[in-house]
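Accompanying notes for the structure given below.
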2 protein chains.
Amino acid sequence: MNTSGSRSPRKAKGQGAERREEILAAALKLFTEFGPYAVSTRQIAQAVGISQPTLYAYFPTKDDIGRELHGRAFALLAQSLADGDRGPIETPECLMQMLRIYIDFGLKHPEMYRIAFMSESVQIKAWWKPQDVTLSPETQSTYGVLFRELAELHGRGLTIDVEPSALTQSVWSSMHGLVSLLIAKPGFPWVERDLLISSHLKLMARGVWKA
Amino acid sequence: MNTSGSRSPRKAKGQGAERREEILAAALKLFTEFGPYAVSTRQIAQAVGISQPTLYAYFPTKDDIGRELHGRAFALLAQSLADGDRGPIETPECLMQMLRIYIDFGLKHPEMYRIAFMSESVQIKAWWKPQDVTLSPETQSTYGVLFRELAELHGRGLTIDVEPSALTQSVWSSMHGLVSLLIAKPGFPWVERDLLISSHLKLMARGVWKA
DNA sequence: TCCTGTAACCAATCAGTGATAGGTGATCAG
DNA sequence: CTGATCACCTATCACTGATTGGTTACAGGA
């Protein structure tokens, strides 16, 4: 990634996409370490080994770099959930295992999770201004995996009598709450992490499961 | 608050504190509408009717303005929770009612909640850098109210067999998750809000309550 | 081989940012 | 009247994201 500050050699004629990836990699690393707002375009450019204006040949604005990372983080999470999908859920333990994938993803890739769900900086207008917000395909697919499972459970009469979409949103937000607080407030006197996670999942499963 | 851009008359000799409050009021309004990062010190100064450097007579940095708002938001939430405290919880409905105070506060004062729990911008270093984070008195008091209630319930054997601190953190994070997502993603196709909240509370209560 | 188009890239510069330096004028106590 | 202090200002700093107007290197056609 060029940490020395030396110039990276000019790319061959059709190889601009390669440079683009280098920019994204450098930005992810820097954003993760210092936070998007504390990283300047000049720092990103230096990490890549190019001039600052060259960034604008690949991205219209700085926020667009963040937005691209955002989309990729979402896609990765959706993929993790889909990969962990072991078909119909039969027991509360099964449900807990599925939810654990979500939590594990967030804690294993805090920088990704941060950028995907917790960062308002990279797309401040979209997060701040209600009317600008639309549901990205990535969000839909992440949300969709969870919804399908719970709807299926509901159809088999195994959940409490709450419609599946409300159930999904409730469970999702509970997962998100734990993950985001664990990431955002590492200085908080949390109880032992595994204990916290397993009791959180227990709470969820107890709340969702019928009888 | 002086929206016209005209100069505010010079304060009398001992009245600097008054100006300080005007700055905080203007900053809260602007931060809420546009997000802290999209508001400049010059905009705040203009809203108050003073020059930009004058801000620095009252606050060391821009972030300190945000930090003060942060502290006040926390205090207000803690007060809401304490005010709503109706003594020992006897039924799951009682518990749900208490948790609802938290959610209602967040949705009634989204700007406060945002600044208190969701904003990394106003104190980016503290949120981003793990080692810098400590538990503020305001956080402790907010958290403390919830903990006392759940510990008391636990002592009477009315909760599932999870230690009260883990229970508290789990419940708190679930509340936070719902509130923060509702605030941050107003464009998401949420189910009807009251339904979502009541089913969320139902889930919590079912998860916490014994048998 | 020379030309031409274009992809890749850069130095110089813009307006706007948070913050600082140093000064002005009003108001008080003595 | 004097000196201190508070409230506040203009001018300016280094830095930010972004734009302008190029230059350089190379592929393919004549």
Side-chain angles (χ1 to χ4, degrees), chain A residues 2 5-24 26-27 30-31 34-69 119-126 128, chain B residues 2 5-24 26-27 30-31 34-69 119-126 128:
Chain A
N2 189 351
S6 63
R7 284 287 179 195
S8 170
R10 185 194 182 108
K11 294 289 174 191
K13 195 145 182 180
Q15 308 308 309
E18 197 176 308
R19 187 66 89 194
R20 205 183 132 88
E21 291 304 315
E22 291 176 13
I23 294 171
L24 286 168
L30 289 168
F31 283 3
F34 304 107
Y37 260 107
V39 175
S40 71
T41 52
R42 282 164 181 83
Q43 286 175 271
I44 298 171
Q46 183 177 355
V48 177
I50 56 177
S51 74
Q52 181 249 2
T54 297
L55 292 177
Y56 291 84
Y58 297 97
F59 299 91
T61 71
K62 180 190 177 187
D63 280 1
D64 284 289
I65 300 177
R67 245 188 295 276
E68 172 113 13
L69 292 173
S119 174
E120 43 190 50
S121 54
V122 293
Q123 46 174 359
I124 179 98
K125 282 164 203 151
W128 211 268
Chain B
N2 188 351
S6 63
R7 285 286 180 195
S8 170
R10 186 193 181 106
K11 294 289 174 190
K13 195 146 182 180
Q15 307 308 309
E18 198 176 307
R19 187 66 89 196
R20 207 183 129 88
E21 291 304 313
E22 292 177 14
I23 294 170
L24 286 168
L30 289 168
F31 283 4
F34 305 107
Y37 259 107
V39 175
S40 72
T41 53
R42 282 163 181 82
Q43 286 176 271
I44 298 171
Q46 184 177 358
V48 177
I50 55 177
S51 76
Q52 180 251 359
T54 297
L55 292 177
Y56 291 84
Y58 298 98
F59 299 92
T61 71
K62 181 190 177 187
D63 280 1
D64 284 290
I65 301 177
R67 246 188 295 276
E68 172 112 13
L69 292 173
S119 175
E120 45 190 48
S121 53
V122 294
Q123 45 174 0
I124 179 97
K125 283 164 203 154
W128 212 268

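Proteins get letters first, then strands, A, B, ... in listed order; numbering begins at 1 in each.
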Quick one, give me the B/S/- string for nucleotides 5-17 of chain C, reading 5' to 3', where B means a protein heavy atom under 4.0 Å from the base and S means that only happens at the primed atoms, P, OP1 or OP2. BBBBSBBBB---B
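Interatomic distance, Thr41(B) OG1 to Ile65(B) CD1, rounded to the nearest 0.5 Å: 8.0 Å.
For the pair Ile44(A) and Phe31(A), the minimum side-chain heavy-atom distance is below 4.5 Å. Taking 4.5 Å as the limit, some side-chain heavy atom of Leu24(A) sits within range of a side-chain heavy atom of Phe59(A).
Around atom CD of Glu22(B), more than 12 heavy atoms belonging to other residues, nucleotides or ligands sit under 6.0 Å away.
At distances below 3.5 Å, at least one donor-acceptor pair connects side-chain atoms of Gln43(A) with backbone N or O atoms of Ser40(A). Between the side chain of Lys62(A) and the main chain of Leu55(A), no donor-acceptor pair closer than 3.5 Å is present.
For the pair Tyr56(B) OH and dC13(D) C1', the computed distance is 13 Å after rounding to whole Å. Protein atom CG of Leu30(A) is 13 Å distant from nucleotide atom P of dT16(D), rounded to whole Å. As rounded to whole Å, 17 Å separates atom P of dA21(C) from atom CG of Leu55(B). Summarising the geometry, the separation between CZ on Phe59(B) and P on dC8(D) is reported as 13 Å, rounded to the nearest angstrom.
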